[in-house]
Amino acid sequence: MKNKAFFKIALFLVVFGGALYLPFIGEKELQGEEGRRVLIALQMLETKDFLFPKLFDTFYFLKPPGYNWFLALWFYLFKDFSEWTARTSSAVSLIFTSLVFTWIWIKILKKEEIVEQKNISWVVLGLPGLIFLTTPEVIDKAIRAEIDGFYTFLVSTSLFSWFYFYEIEKRIMVGFVLWGIFMGLAVLTKTFHALLFFYLAWIPYLLYFKRVKELFSIPHFLGIGITLGIFITWLLVSLGFDITLFKAWLGEYQGAVSGAEVSLTQHFEAFTLDFLIGYAPWLFSFLVLKEKESFKSFLDKHPNFFKLVLFSLFLFVFSYLFHLFCLGARLRYMLPGVGGLVFVSSTVFLYLILEKQRMISKIGKICIRFLPWFCVFLSLSFLAYLMFKGFYYWEAFLTTILLMSGGIFFGFRFRKEVTYKGVFWFLVFCVFFIKQAYAAFYYSYHKEKFDYFRKAAKNLILTVGKNEVIYLCEETPHHLIYYGKYRYQALDFIYLKNCNPDVVSKLKDRWILISKKRFDSLGFNEKEFNKLKILTVRKKVYFLVKN
């Protein structure tokens with residue numbers, strides 16, 4: 001098979017990923033940690049100080065700068081500071097991850113001479129890319145301006161480029177050099193947590209093959225040396241060995257292990273129900289593994305796929321178990337292990353398409369034939385709900401019609417026979433249109449009914465006027481700063497590290513933003529100020545005052 005086949009599939013994945021992720025991506029305002037990530041990146045561009053994350057000349061120690069660098073570059077290339085631009089950084093990172101998986105998959109198919117078969121379908125070549133892009137947990141991170149998408153790209157590329165060159169090509173040194181480079185960049189994105197994924201998969205893998213001595217090999221030490229070299233070089237150039245950094249990271253690790261960040265109920269809910277939803281429908285392909293003899297026979301004929309499945313299974317399962325028992329871990333922490341799910345599921349569908357072709361189980365046939373019509377029912381229910389609530393967004397209406405018509409199409413397609421290739425496309429189709437229906441409705445609804453930070457920033461601008469300077473009293477409300485200064489380009493902000501009454505009294509005829517909690521704790525009195533406006537942002541109350 002010529003390389004042009006990969007480029008055709010890659011082009012399809014780029015178009016499909018863009019169609020899946022990008023619609024409505026800029027409708028919803030920045031939320032959660034998005035404001036902090038974006039603000040640090042924009043301040044890097046403004047100050048030209050890229051070495052260490054800062055907020056108004058104050059070091060931000062909890063995360064290294066990897067994603068901030070990438071996001072700053074993204075803003076620089078687009079010359080635009082919108083929510084759409086910020087979030088596409090994650091979407092593009094994950095689309096590129098799908099291309100990495102697809103390239104490795106096709107290389108292994110060629111090694112096993114599967115691509116030489118005349119009846120091979122091009123969908124077989126794109127299995128891992130499509131499965132990865134349509135995993136709900138991946139979709140959720142692709143539409144956020146957060147670390148997880150870029151971090152997953154780095155860790156996944158590190159792990160599976162290592163696997164391909166180390167295990168398939170037997171170019172051990174190349175495998176560990178690539179591993180070290182991408183792992184070093186991953187450490188600079190989300191600390192040494194990145195190393196965890198590799199060793200959770202590699203150590204059990206070596207134990208299975210009784211090759212534990214490879215842990216002490218020169219290539220392995222070279223890879224570690226490259227990773228540490230990248231980290232230490234950045235640290236020495238930017239900060240030196242400041243113990244504050246390591247204390248901050250240690251505090252993050254302790255919080256994740258001890259359960260300090262979330263309650264036990266929230267933790268176990270995330271790692272049960274949310275886990276099943278977040279990795280459906282591909283997680284359920286693991287059920288095929290119960291067909292031990294038939295599936296094992298397939299893997300015996302293709303030893304490279306046996307190695308891939310084993311390494312991937314260890315990666316995904318142990319990533320899940322490790323974070324399950326870290327009582328403060330969030331489900332998103334294990335996202336870099338999703339490559340394990342992708343390659344196991346891809347191999348399962350490869351086995352089903354090549355070996356079984358048509359679904360044999362009567363119960364399975366009944367379920368698959370029923371599902372498209374269930375989608376039609378859901379589509380009509382969704383449209384009825386929109387009409388009842390008075391939401392007539394054309395995007396939601398269009399998506400509903402597409403979902404319904406697609407369900408009808410697949411319903412008629414499965415009328416006579418049910419093939420596993422058809423089942424795969426149906427699952428891809430369902431995820432695609434359910435996401436679009438959700439985005440069309442919820443993002444438009446959120447923009448109309450919530451939009452707390454955008455509205456607060458506009459109120460702030462209306463109150464003080466354009467091109468004014470606002471002093472921030474010992475706090476950095478990231479979203480307000482982003483919208484006021486960068487998105488609407490109407491305000492400037494100065495951070496006051498010390499905001500006691502003496503400092504504030506010297507700021508004559510200046511606007512000062514103080515949270516109500518800080519206002520009370522510092523002992524201010526409302527009568528001290530000539531002007532006082534109340535600004536409510538979600539559940540937080542600010543006082544905008546002027547001497």
L480 versus A456, closest heavy-atom pair with distance: CD2-CB, 3.6 Å
Show your reasoning for whether side chain to side chain contact (heavy atoms under 4.5 Å, CB included) applies to F424 and I131. CA-CA 9 Å; F424 174 78; I131 288 173; 3.6 Å; yes
Check L321 against F325 and note the closest heavy-atom contact, atom names and distance. O-CD1, 3.0 Å
Test side-chain hydrogen bond (donor to acceptor under 3.5 Å, both in side chains) applied to Y279 - qualifying residues, sequence neighbours left out: none
Can you pull the side-chain hydrogen bond (donor to acceptor under 3.5 Å, both in side chains) pairs that have at least one residue in residues 184-193, sequence neighbours excluded? D148-K190, Y151-H193, T191-Y253, H193-H323
Does the pair R332 and E137 meet the rule for a salt bridge (charged side-chain N to carboxylate O under 4.0 Å, His left out), with working shown? CA-CA 8 Å; R332 59 186 169 85; E137 188 68 10; over 6 Å; no
First locate atom OG1 of T157, then atom CD1 of I181, and finally report the distance between them rounded to the nearest 0.5 Å. 12.0 Å
Please determine if K79 forms a cation-pi arrangement with Y76, meaning its NZ or CZ atom is less than 6.0 Å from the six-membered ring centre and no more than 45° off the ring axis. yes
Taking everything shown except R518 itself, do over 12 heavy atoms lie less than 6.0 Å from its CZ? yes
Would you please test L130 and L13 for side chain to side chain contact (heavy atoms under 4.5 Å, CB included) and show each step? CA-CA 7 Å; L130 287 167; L13 291 174; 4.0 Å; yes
Between F275 and F271, is the ring centroid distance below 6.0 Å? no
Passes salt bridge (charged side-chain N to carboxylate O under 4.0 Å, His left out), K141 versus E146? Steps please. CA-CA 7 Å; K141 303 306 175 285; E146 262 288 8; over 6 Å; no
Is the gap between the ring centers of F343 and F160 under 6.0 Å? yes
The test is side chain to side chain donor-acceptor pair (under 3.5 Å); show your working for Y486 and E46 and say whether it passes. CA-CA 10 Å; Y486 297 103; E46 186 176 13; 2.6 Å; yes
Does the pair I494 and V469 meet the rule for a side chain to side chain contact (heavy atoms under 4.5 Å, CB included), with working shown? CA-CA 7 Å; I494 295 176; V469 176; 3.7 Å; yes
Side chains of L73 and F78 in contact at under 4.5 Å (non-hydrogen atoms): no
Sidechain-backbone polar pair: Y320 side chain, L315 backbone, donor-acceptor under 3.5 Å: no
Quick one: do L535 and F543 satisfy side chain to side chain contact (heavy atoms under 4.5 Å, CB included)? Show the steps, please. CA-CA 6 Å; L535 185 71; F543 287 156; over 6 Å; no
Check: S158 side chain, L154 main-chain N or O, donor-acceptor pair, under 3.5 Å: no
Among F75, F150, F50, find the one that has a ring pair (Phe, Tyr, Trp, His ring centres under 6.0 Å) with F70. F150
Ring-plane angle category for W234 and F52, please: parallel below 30°, perpendicular beyond 60°, tilted otherwise. parallel
For the pair W282 (side chain) and F132 (backbone), establish whether a donor and an acceptor sit closer than 3.5 Å, ignoring hydrogens and angles. no
Checking salt bridge (Lys or Arg N to Asp or Glu O under 4.0 Å) against E475, which of K517, K516, K540, K497 comes through? K540
Residue pair L491 / L460, side-chain heavy-atom distance below 4.5 Å: yes
With heavy-atom distances below 4.5 Å as the criterion, would you say the side chains of F182 and T227 are in contact? no
Before accepting this row, confirm whether a basic side-chain N of the pair R454/E29 lies closer than 4.0 Å to the acidic partner's carboxylate O. no
Is a side-chain donor or acceptor of E528 paired with a backbone partner of N525 at a separation under 3.5 angstrom? yes
Do the side chain of N500 and the main chain of V503 share a donor and acceptor less than 3.5 angstrom apart? yes
For the rings on F81 and Y482, is their centre-to-centre separation under 6.0 Å? no
Check this for me, if you would: do R487 and E83 make a salt bridge, where the nitrogen-to-carboxylate-oxygen distance has to be below 4.0 angstrom? yes
Where the side chain of E34 meets the backbone of Q31, is there a donor-acceptor pair that is under 3.5 Å apart? yes
Counting only heavy atoms not in L462 (residues, nucleotides, ligands), do more than 12 fall under 6.0 Å from its CG? yes
Check whether T58 reaches the backbone of K54 with its side chain - one donor and one acceptor, N or O, closer than 3.5 Å. no
Parallel, tilted or perpendicular: rings of F524 and F519 (30°, 60°): tilted
Main chain of T85, side chain of T88: is a donor-acceptor contact present, judged purely on distance under 3.5 Å? yes
Drop me the distance from C499's SG to I514's CD1, to the nearest 0.5 angstrom. 5.0 Å
How long is the span from the CG atom in D140 to the CD1 atom in I277, to the nearest 0.5 Å? 11.5 Å
Between CG on residue L195 and CG on residue L200, distance to nearest 0.5 Å: 10.5 Å
Reported CG-to-CD distance for the pair D274 and Q266, which is rounded to 0.5 angstrom: 10.5 Å
Do F198 and W179 make the cut of ring centroids closer than 6.0 angstrom? yes
In sequence, state the C-alpha distance, the side-chain angles, and the governing distance for Y438 and Y442, and then conclude on ring pair (Phe, Tyr, Trp, His ring centres under 6.0 Å). CA-CA 6 Å; Y438 165 79; Y442 178 68; 5.4 Å; yes
May I ask you to say whether E33 pairs ionically with R144, meaning some side-chain N is under 4.0 Å from a carboxylate O? no
Nearest heavy-atom contact between L472 and P477 is CD2-CD, 4.1 Å
Looking at S89 and Y67, what are the two nearest heavy atoms and their distance? OG-OH, 2.9 Å
Over all heavy atoms of both residues, which pair between V38 and A86 is shortest? Give the atoms and the distance, please. CG2-CB, 3.9 Å
Do W425 and F429 pass the ring pair (Phe, Tyr, Trp, His ring centres under 6.0 Å) test, and can you show the C-alpha distance, the side-chain angles, and the key distance before you say yes or no? CA-CA 6 Å; W425 275 119; F429 164 84; over 10 Å; no
So CZ of F197 and CG of L159: to nearest 0.5 Å the spacing works out to 9.0 Å
Return yes if some donor-acceptor pair links the side-chain N/O of N530 with the main-chain N/O of N547 below 3.5 Å, else return no. yes
What are the two closest non-hydrogen atoms of A186 and V155, and how far apart are they? CB-CG2, 3.8 Å
State plainly whether the residues E252 and K63 are in salt-bridge range, i.e. N to O under 4.0 Å. yes
Of all pairs that satisfy ring pair (Phe, Tyr, Trp, His ring centres under 6.0 Å), the ones with a partner from residues 459-481, not counting sequence neighbours: F453-H479
Using a 4.5 Å cut-off on heavy atoms from C-beta on, say whether the side chain of V138 contacts that of V338. yes
Any donor-acceptor pair under 3.5 Å from E474 side chain to N498 backbone: no
